[in-house]
Structures are given as structure tokens and as C-alpha cells.
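These notes concern the structure reproduced below.
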There are 4 protein chains.
Amino acid sequence: MSAIAFIGLGQMGAPMASNLLKQGHQLQVFDVNPEAAQALVAKGAQAATTPADAAIDAEFVITMLPNGDLVRAVLFGENGVCQRLSREALVIDMSTIHPLQTDKLIAEMAERGFSMMDVPVGRTSDHAIAGTLLLLAGGTPSQVERATPVLMAMGSELINAGGPGMGIRVKLINNYMSIALNALSAEAAVLCEALGLSFDVALKVMSGTPAGKGHFTTSWPNKVLKGDLSPAFMIDLAHKDLGIALDVANQLHVPMPLGAASREVYNQARAAGRGREDWTAILEQVRASAGLNHTR
Amino acid sequence: MSAIAFIGLGQMGAPMASNLLKQGHQLQVFDVNPEAAQALVAKGAQAATTPADAAIDAEFVITMLPNGDLVRAVLFGENGVCQRLSREALVIDMSTIHPLQTDKLIAEMAERGFSMMDVPVGRTSDHAIAGTLLLLAGGTPSQVERATPVLMAMGSELINAGGPGMGIRVKLINNYMSIALNALSAEAAVLCEALGLSFDVALKVMSGTPAGKGHFTTSWPNKVLKGDLSPAFMIDLAHKDLGIALDVANQLHVPMPLGAASREVYNQARAAGRGREDWTAILEQVRASAGLNHTR
Amino acid sequence: MSAIAFIGLGQMGAPMASNLLKQGHQLQVFDVNPEAAQALVAKGAQAATTPADAAIDAEFVITMLPNGDLVRAVLFGENGVCQRLSREALVIDMSTIHPLQTDKLIAEMAERGFSMMDVPVGRTSDHAIAGTLLLLAGGTPSQVERATPVLMAMGSELINAGGPGMGIRVKLINNYMSIALNALSAEAAVLCEALGLSFDVALKVMSGTPAGKGHFTTSWPNKVLKGDLSPAFMIDLAHKDLGIALDVANQLHVPMPLGAASREVYNQARAAGRGREDWTAILEQVRASAGLNHTR
Amino acid sequence: MSAIAFIGLGQMGAPMASNLLKQGHQLQVFDVNPEAAQALVAKGAQAATTPADAAIDAEFVITMLPNGDLVRAVLFGENGVCQRLSREALVIDMSTIHPLQTDKLIAEMAERGFSMMDVPVGRTSDHAIAGTLLLLAGGTPSQVERATPVLMAMGSELINAGGPGMGIRVKLINNYMSIALNALSAEAAVLCEALGLSFDVALKVMSGTPAGKGHFTTSWPNKVLKGDLSPAFMIDLAHKDLGIALDVANQLHVPMPLGAASREVYNQARAAGRGREDWTAILEQVRASAGLNHTR
């Protein structure tokens, strides 16, 4: 069992710390709200008066905070962790913050001789309580190996994201995709309603197509991801269908800003000479617009 | 077995007609390209010289054409189907056209005493050849019942879309969702690449979340679709994460027009007082922006 | 004075026809609404029972109709103009329709041996009454010359748009720019309000900059339009300022979809290596995204 | 003449400081680059070794720095201005930074008993050299009055923006409008080129309409700004014209993301029941989407 400093005892942090205690770890906890710390003391933790205080003799320091500026303050600020941190300890930031800030924090910690990794979590506060969080581990192989027993006290699944800063990156990608997809899904559902079509019928149809299953594992693997852009469904036709959908939506007064933006992406793909390529070539189009060269 | 007129023998129509012949139906076929018709004659069809000619004595008239203007011309134009169509016959338009045009065609046919339904198809030309198309049947219950034996000669799955014009509607929704999602997926994948993150890792994570599984069957059913907007994940937080993703993307030169548009949808949701509602309340936000009232 | 057929006597057409009468022209008028025609008869016109009827002996046929399908029906339909049109006559379509439809109509008229030009109008129905419309003349030099005396009975300013179909094109560009600019202006004004800034102060400042004066005659002529992309104001800085504006707008709950879309255009310009070019290089960026080559 | 500390001697700051010297002010200058300071010493300034050092005995402290974090560091950091600043002095931040950061800096200065105002500048480095900058003064009336003689040594026009933080706000609005308008103008110009229309003809037409003159002083004052939404040009028609423009642009492969976004704004206006209102009602629509109530 390990000596762990746990900083940040909010809706997620408190149950996570609680699960560490249950597994027999020794915890020194800190939160700006002293009551939050006291609740953990009742479960066997020791309360620290500052982040620096919590870090004394800790093998692991876990931070679970609302944003990167707070992580920075907890590490480097007055009475911050670094003032009492052992160079043998491993700092695990489990907060969801800006990835480029994560990179900078890890680099600054390294300059001072400290070891830090990023392990943001997936799922909800219910999973935090149950100890079944998804752990997205960014770090060197040895950091991940060392942290795993501690982390698995809080979660049921650990994904090694492939290196320092990669945990927070995969969290960002996942959240981007799911949050934007939510808005796109709403456009489709509202157009469905405006068309007087049963949503159950639409779901039934979409459950068998990329509309419901996504493209990553259906249309892409055998086409664009293999470099095969011969058309199963041409960009020209996809563009035409988007035009019809937007025309209908504008007649029915359904604003579809994501749909309108996507039509212009297909428009640009056609301008780039991709009209007769497979619709999955949109990936290559977006890569080109990002200035990425055409080989992978 | 039935007497069927089949009009439009392109990449999809030709194998569909072929499968009808294999099942023993009698076909009179027409295409603007006489060679296309001759290929079917070799398989047992009779070639007609005009759509009107094809329609003589037909129990069913199937149209499979590139756009709605052509369907209109084939039905109502010079030497069009209507000139020789029996009032007992059923016209089945299997083309993918503008839904409001479908409505108009069905209404105009009805005015003249003719029966017409819409049955666009899903899947690819390979499925057309194999007779395994997805059939999206729009029509009255009796139309769907009557057409089913004929339709099932061309496809392996028939979904009753719920009424006249609903076949073409569900096709539109499905295509809208899948085509726009393709562009959104490309943004996420390119951001992933620009972040130096393994796409396989991203896929692994997303395969267990709405990012990969969609929202329709994961986050929505127990929340917004039930009218429960208490936050599992707040719109305020989703908006914040989108802001981080766009900030990173703009630092890394990854244009994300759909992401940018979606951020403004969340922005508007917050302006409407929904910041502390569940992120699935975006559906209600989009409904409101479409002028739909708040009850379902 | 000329013999003129005038077809379409709505809010704009009626006063335009009236002004032609005042100048001494002989008018045969037609409208689907017979009362509209009678009002002109009271002013000296002759009422025709069909478009064909109106066209008899006409030197000029003027159409002023709500959309291109109606223009097509009036020209080519049953009892349409072409049935009685002299090959010496000049058809002037003054409607605002789809430019590619205009091209097609002119071409089809030419195939039949008829001469047609496009002269949509600018300004309002008040100007139609006063005879002070802006006339946007598309046509060959001889068409424009021939039509000018007739046109100037209805307007006070005639701009030769440079050839057949160019009248309707310049109308489209003008309307596109002014209508989209209206939405962009609203975003700026609402951000101003949300920031608690006096709109009068904002106007005062913008009246001296491209924000108020536009770019066409201020920032562009000496830079991008001359091929000089050395930075007076760098794209990188413009992109940064847009990012600040959107960040503020998102904090203040002001949705700015046009601003968000424009940031991604600058983002793409930076991805294309234009970050240190002058901001007017956005024109070259948009040209490139439209597949236009880099020389003018 | 005054004793002035000038901090930040870049492309803008150096000539501004130079002009202060020419007017006879006494300058203590600081820049992270000592050479930049030496160039001013040659013109009569005294070089300071830190911002604190520069602030000794200063009546005015002027900061001209690349971003708000630097302004913060210069004021509050180690050897920062506040360590030696007199409570009688006036700090004038002329940098272009985030307005909400400006507010915070002014508030924190006030908490410490210091007086600070924001006066960002308009125009270019050429104007900085000539002493003809546009000065956008944010501050209390007495701050503005006190600073004016000093400011006018650097610029030729001073606009009182109406209070603390308003200088930086009006700069933001102006830059937002001009930068986004640049992208919109490019869309119109490229559509013009793709249509084969002379840009000179388009300019000639637009120079007389809101497309070229903007809406703030043309279409808005007598309509929406007066509360008159009776239609001179209906939102329904504006929406229709946008649809035509986008249809043409998509046929011609001209991507117009701002145009596409604006169409959805009009779409939403129609959904909100504004279709038959004047197009300037878009301002009210955007206000409503920002959650601003309908009275001004």
C-alpha cells in the first residue's frame, strides 16, 4: 500500500479518495474547503493544511482540480506541492485541463527534477463512487506501470494512451467528438420531427448505417484509412444530398448550422477536385485544409 | 407473379430489374439509353419504347431515376406513364429525390386517380446485385402490404416508414446524419493527428462513449427523451470543453468549422438559460430555435 | 416611342409600367390577376388575355415576375410569349431570378431565334413609383443600347454590367453581400451591447475604419488587389483578435456563428502558411479554397 | 511637461515614446530588450533597469505590450511598476488585450489604491511614427482629461469611449467587425470571379448600397434602430436570395462558410416568426439569441 497525497475533493475527487482509502492506502488530503477534507478524515485520511503539507513523505500526489491554473497554483504556488515533494514521488494529474497546459506543467516539473503524468478519467460521478471510472493514462511506460495499482483502486478500465500528455489528449478528442455530435444529432432529430417522421423509424434505419454507428469502424477502414478513394458513395452525391436536406430544413424553418458548415466542407472538397472520390475522402480534405501533407 | 413496368435502368435500377426477372415477374422496361434496356431483354424482359408504352397492362410501375424532375417527366410528360396507366396499378418511386417533391407527385397522382408510393433504398450497388437492399417503404398500410412481395425480390430488409412520403423522409434524415457526421469525424481525426495522438487509442476510448456510439441510444433515452434535464454532464461544462478543443485546434492550425458552429449552439443554449441543464438539453435548444413548442 | 408588352404587374411591375405609359410608350399588359391589368388600362394600356396575346406586334417584351419558373412559363408555356413573338423584338427580363436559370433562358431563346437580356433593378418600390430605379443591364452592347431609352423611363441610373447574364449576376453579388453583412453587423452590435459599450461610440470609431467603410475601397486596393501581401496587419494577429472576440462573446453568451466561421477561415489561412501575410490575403485564401488558380 | 514611464518599446511603442520626447516630456523607458531602450536614450530618455525603476517619480506610466499577461507581470510581478508607483500617478495601458482582463487589472489596481485607464490605439505603425494615431480612451472623465495632453503627443484624434474599460471594448468591436468583414468580402469577391462578373462593375453597384456602405448608417437608422420593423425588404426575401447565392456558389465550387452560417441565422429568424419583418430585424433576432430582452 502507498502513501498518497490527494488534492481536490470535489464531486469526483472525494469518492476517488474514498476508494483509495478502502484499498488500504494512506492518504493525506487537502481541499480549499476544509469540510471536504474532514469528510475524508472520518474515513481514515489525514487532513493537510496546505498542498505542501499534504505532499510530505508522499509516494504519489494526485490532483483532481477544475482547471489548469489551479493545478499550476497547487504545484508551484505558495505552499505548493513542489516545496515538500520528494524527487522519488510521482504526481498524477487527473483533472481535465488544456492539453498544451499539461505539456507545459510536465516540462516545468521535469526541469525541477519531478515526475508527473496525466490520467484524466471518463464516465460519471456514479462511476467515481463505484470505483469503475475509465482511466486514460498518459505517461512513460514506467510511470504507467508504477501508477497502475493505485489507479485501479479508482477505476475498472485503464487505457494506456501512449505517452506523456496523451491521456489528456484522448480525453479532449473524445469530448470534442461527443459534444459536437450531440449538437449534430439534435439537428437530425429536429429535422425528423419537422418532417413528421417517426423518430423510432429514423433510429431503426440509422442503427444499421454510419448515421447511427459512426464512420470510424464502418465506412472508413476499408476506404480512406487504406488509401482507397474509389467511390462507394461519391462526394458529389453526398454534397447533393446535403443540399437537399438543407433546402428542406430551410423550407421547414429548422436551423442547421452544423449541416450548413458541413456542406461547405464538401463544397471545398469538390473545388479541390475530389467530387468523384469516395465520401470518406473528406478525411483527406480536412487533413489538407489543416496543412498536413498527403502521406500518413 | 406480377406484370411490372420498370423505368430507369442505371447502376442501381438494372440489377434491381434483373432480380425481379429472376423471381419470375414479367417486366416491361424503359430507359433513355436503349442499350440498357436491351441488356434486360437478354434476361427475359420486354423493351418498351416510351414510359407510356411500358405502363400498358402493368400492375406495378417502378421508377428508379436520378432526380425528381425526371420522375415528374416520366409520369406526366409526353408519352409519360400516366397516359397508359391503369387506375388499378401501383406506382413505386424508388428514386432518391426531394421529399417535398415526392409529396407533390403523390398528391398530383392522387388527383388523377392514381396510386403512388415512395420506396427509396439503402446500401450499395453491390447489394442491388445481391438482392439485399434495404427498402424504406413509404405508403399506406395497404400499399405497403401490396408492394411487399415485389419489393422483397430486390431487398433483404423492409422498413415500413409509417405512411406516404415517409420512405423518402427517412432516407433524407439518414443521409443527412451520416454525411454531416463524416465531416465531423474528419475534424476529430485530424485534431487527433495534429495532437500526435494515436488514432487507435482514440478509437478505443470512443468505442465506449457517445463519441463512437452516438447519442440516440446512449445519452438521450434516459435524459432528454424522458424529459429529464437534470445534469449528468452540464451544458456549461460541455461548452467549456468545446472552447478548449477549438483553442487547441486554432493553435495547431486545424480548421474545425463544424466544431466552431457547434460551440455557438451551446453558447446560445447558455444564453437561453440552459447552462446548468444536462447536455442532452441541446435537443430542446435546437427544437426551440426551430420554433417547435416545448411539449412533444 | 415603342410598342411594349409588359408582363407581371405586381408591387414593382405596376409602377414601372405606369412610368412607361407616362413617357408615351404603347403598352399591352398582362398579369394573372386581371384587376392588376385593369388598373393599367385606366392609365392608357391595353389589356392582353395571355402573354402570347400581349406579345403581338411588340418591339419590347418586359417581364417582371417572382421567380424563374414563372418567367419560363410565360415565355415557353401554353399561350406563352414565344408563340407570337417577333424575331425583331427584344425580351427584357427584369425579375430577380437564379443566374444560371437566366443563362439557360437566354440560350433557349437564342436557339429559337429570339433576343433576350436581363435587367434586374435595385432600390425599392418607392423608387419604382418615382421612376428612379437602379437598372442593372445585362446584354450585348447593341441590346443595351437599344433598350436604354425604354429602361430610362423606369430608372434614373443604368449600369452596364458587361454582357448577357451579368445584370442578374451583379444583383446576386450585391444582395449576397448586403444580406450576409446585415447578420454580421448584428453580431457586432449585440456584442457591443453585451459589453456595455455605447453603440454611438462604436459607430464613431468604425466610421473611420474598414469595419464601417468596408474593405473593397480601403484595405484591399493597395494590398491584395495589387498583389502586395506584405503585412500592414498580419493574418496571425487578425486571427488572435478574432479569438479574443469569440472568447468574450462566449463568456457573455452572445452567439456569433459568422464570427466563428470566419475564425476558421483565418485558421485555414494560417495552416496554408499565410500567417505572416497581410490580412487582405484572405482573398487569396478564399480563391484557393474555391480551386481558383493563383494568378488573376 | 510631465515625467512619464514608458514600458514596451516595440514597433508601436518606440515611435510613440519618441513623440513624447519631442513634445518635451521627460521619459524613463524600459523594455526587455535593452537595445530598444538605448535607441530612446539617444533621443533623450533615461533607461530604467526594471519596470519598478521606471515608475519612480513618474506622473504617468504608459504600457504598450503584446498581451495582458505581460501587462499583469509588468504591473504586479517581481520588480513590477506597483513596487515604486506613486498613488498620485496615472497608469495608461495602451496595449490591445482581452477586455475582461483589462477590467480585472483596473480593479486590482484600484484595490491597491492605484489609478489605471485603457487607451488602445487605432491605425498603423506609420501613424505611430507620424504621431497621428487614433486614441481610444477608456477612463473616468477626470482620467481622460488628465491624460489628454500626454496622449495627444502620440495621436491626432482622441475618442472618449465612455468610461473605464471602454477603450479596449471599442477596439475589440472595431477589430471584430473589420476582421470578419474581410472574410465575408472575400466570399463575395470570389463568387463574383466565379460568376465571370467584372469586380469593377460589382464595386460600382455596391458602392451605392449597404453591401458597400454597411448597414449601420444606411438601412438600420430608420428601421430597427427606431423600432420600425415594417418591411422595406422582408426577411423571407433576404433568406430566399441567400439560398440562391449559396446554391450558385455550391454549383460553382465556391465555399462560403460565412454565407452558409448567415442563411441559418435568417432561417432561425423565420422560425421565430420574423419572416415578414424588415431584414434589419435580424438585429433583434441576434439580440434574442443572446438572451437580451426586447426593449433597449
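A note on names: the letters A, B, ... follow the listed sequences, proteins ahead of strands, and every chain is numbered from 1.
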Atom pair OG (A:Ser289) and CE (B:Met256), whose distance is rounded to the nearest 0.5 Å: 11.0 Å
Backbone N/O of A:Leu184 and side chain of B:His215: donor-acceptor pair under 3.5 Å: no
Among A:Ala249, A:Ser219, A:Cys192, residue most engaged with chain B (heavy-atom pairs, under 4.5 Å): A:Cys192
Close side-chain approach of A:Tyr176 to B:Asp241, heavy-atom, < 4.5 Å: no
Option that, when pairs with chain A are counted at under 4.5 Å, heavy atom only, ranks first among B:Val286, B:Asn67, B:Ile97: B:Val286
Among the listed options B:Gly214, B:Ala260, B:Ala183, B:Ala269, the residue most often paired with chain A at heavy-atom distances under 4.5 Å: B:Ala183
Closest contact, heavy atoms only, B:Val254 versus A:Ala290: CA-CB, 4.0 Å
From B:Asn182 atom CG to A:Phe216 atom CZ, the distance as rounded to the nearest 0.5 Å: 9.5 Å
Which atoms of A:Glu264 approach chain B - backbone, side chain, both or neither, heavy atom under 4.5 Å: neither
Heavy-atom contact with chain B under 4.5 Å, split by part of A:Asn160: backbone
Best-contacting candidate, B:Leu136, B:Asn175, B:Ile159, B:Val265, against chain A by heavy atom pairs under 4.5 angstrom: B:Ile159
Test item: A:Pro99 and B:Ile244 side chains (from C-beta on) under 4.5 Å apart, heavy atoms: yes
A:Leu100 portion near chain B, given a 4.5 angstrom heavy-atom threshold: side chain
Side chain proximity check, A:Ser185 to B:Met177, heavy atoms < 4.5 angstrom: yes
Side chain proximity check, A:Thr96 to B:Leu237, heavy atoms < 4.5 angstrom: no
Nearest non-hydrogen partners of A:Ala189 and B:Leu283, listed with the distance: CB-CD1, 3.8 Å
Pairs of heavy atoms under 4.5 Å with chain B: top-ranked of A:Ile282, A:Leu197, A:Thr280, A:Thr124: A:Leu197
Side chain to side chain donor-acceptor pair (under 3.5 Å) contacts touching residues 197-214 of chain A (sequence neighbours left out): A:Thr209-B:Asn174
Pairs of heavy atoms under 4.5 Å with chain A: top-ranked of B:His239, B:Met166, B:His253: B:Met166
For the student: nearest non-hydrogen atoms of A:Leu181 and B:Ala211, plus distance: CD2-O, 4.0 Å
Atom pair CD/OG of A:Glu187 and B:Ser262 - distance to nearest 0.5 Å: 9.5 Å
Gap separating the CG atom of B:Leu191 from the CD1 atom of A:Ile173, nearest 0.5 angstrom: 3.5 Å
Contact winner vs chain A - B:Gly291, B:Ala261, B:Gly165, B:Gly138, heavy-atom pairs under 4.5 Å: B:Ala261
Heavy-atom closest pair, residues B:Val248 and A:His98: CG2-CE1, 3.2 Å
Straight-line distance of A:Phe233 CZ to B:Ser125 OG, nearest 0.5 Å: 12.0 Å
CA sep, side-chain torsions, deciding dist, call: B:Leu195, A:Val170, side-chain contact (heavy atoms from CB on, under 4.5 Å): CA-CA 9 Å; B:Leu195 279 167; A:Val170 75; over 6 Å; no
B:Ile179 backbone acceptor or donor facing A:Tyr266 side chain under 3.5 Å: yes
Top contributor to chain A contacts, counting heavy-atom pairs under 4.5 Å, from B:Gly122, B:Gly208, B:Pro255, B:Pro257: B:Pro255
Interface moiety of A:Lys171 toward chain B, non-hydrogen atoms closer than 4.5 Å: neither
Enclosure of A:Gln11 CD (heavy-atom neighbours >12, cutoff 6.0 Å): no
Structural part of A:Leu203 lying under 4.5 Å from a heavy atom of chain B: side chain
